[in-house]
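These notes are about the structure you will find just below.
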Amino acid sequence: FGESHSIGVGFAIPINMAVRIARDLREEGSVTRGWLGVSIQDVSAEMAEALDLGEVRGALVAELFPESPALKAGLMIGDVILALDGAPIRDANDLKNRVAVLEVGGEAEFLVNREGRELTIEVEIGRRPEDLQTYYESLESDAVDSFRVENLGLTVQDLTEELAEELELSDTSGALVTQIDRDGPAYVAGIRRSDVVLQYDRMEVADAEDFRGMARRTAEGEPVLVLIWRDGRTVFLAVEP
């Protein structure tokens with residue numbers, strides 16, 4: 001664009017990012033960027049309605065990378081990040097730019113919406129890897145396993161030690177619910193995202209794959225007793241696939 005087309009259009013990088021880049025180049029000879037280790041996306045009007053946000057705002061966490069600052073701090077897939085250090089987040093790009101200028105090793109406070117309730121999570125900001133592709137490949141063997149359970153209408157993943165600690169569980173046994181269909185049997189029964197399935201049909205659940213195998217063997221229309229962990233307590237629910 002020519003000069004006449006660029007007046008009032010935000011092509012320039014944010015001033016705090018420019019200052020940070022200049023300082024890093026001066027002091028270290030290279031640019032360091034803050035990093036959460038998440039894949040985020042904008043919140044659409046339909047998503048905002050489904051998530052009871054009241055308005056289109058924030059950044060939706062679509063993926064958590066293994067060994068990332070976000071995962072270690074307890075952020076979860078499906079969380080909507082609403083604010084960073086008290087300042088509202090407009091969208092995914094806004095969050096990305098603001099995290100990039102945070103001090104590596106410093107603490108940042110994130111306000112998130114999780115299943116309709118707001119909570120604050122403190123994250124120690126990491127250093128963005130120079131080569132993200134190499135980083136992902138190096139962690140591929142340690143990636144958290146995730147499984148879709150069609151007859152119940154949900155997706156579950158294994159628990160990491162960090163998640164178990166965050167949820168105040170004694171070990172990593174069980175299956176963490178990461179996605180759930182609002183018209184599926186699990187949701188109708190009262191199971192929600194972030195619940196941990198500990199028992200299915202009175203049998204202990206070892207991990208996500210174990211839970212999927214148990215659920216697949218359930219006869220259609222046969223009620224099953226499920227023990228879940230939610231907000232520091234256990235609850236029994238009856239699910240009818």
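Starting from 1, each residue takes its place in the sequence as its number.
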For [X] and [Y], which heavy atoms make the closest approach, and how far apart are they?
X      : Y      : answer
Gly153 : Pro185 : N-CD, 4.4 Å
Leu64  : Ala70  : CD2-CB, 3.8 Å
Val43  : Gly58  : CG2-O, 3.8 Å
Ile89  : Ile81  : CB-O, 3.8 Å
Arg182 : Tyr187 : NH1-OH, 2.9 Å
Ala208 : Asp158 : N-OD1, 2.9 Å

Worksheet item: Side chains of Leu198 and Val205: closer than 4.5 Å at any heavy-atom pair?
Response: no
Fill in: Residue pair Thr172 / Glu161, side-chain heavy-atom distance below 4.5 Å
yes
In Å and rounded to the nearest 0.5 Å, what is the [atom1] to [atom2] distance from [X] to [Y]?
X      : Y      : atom1 : atom2 : result
Met214 : Glu204 : CE    : CD    : 8.0 Å
Leu176 : Leu159 : CG    : CG    : 5.5 Å
Tyr200 : Leu225 : OH    : CG    : 10.5 Å
Ile40  : Leu95  : CD1   : CG    : 4.0 Å
Leu75  : Leu163 : CG    : CG    : 10.0 Å
Arg57  : Asp91  : CZ    : CG    : 13.5 Å

Contacts table for residues 233-241: side-chain donor-acceptor under 3.5 angstrom, sequence neighbours left out:
none

Worksheet item: How are the rings of Phe65 and Trp35 set relative to one another: parallel (under 30°), tilted (30 to 60°) or perpendicular (over 60°)?
Response: parallel
Worksheet item: Is the closest basic N to carboxylate O distance between Arg148 and Glu150 below 4.0 Å?
Response: yes
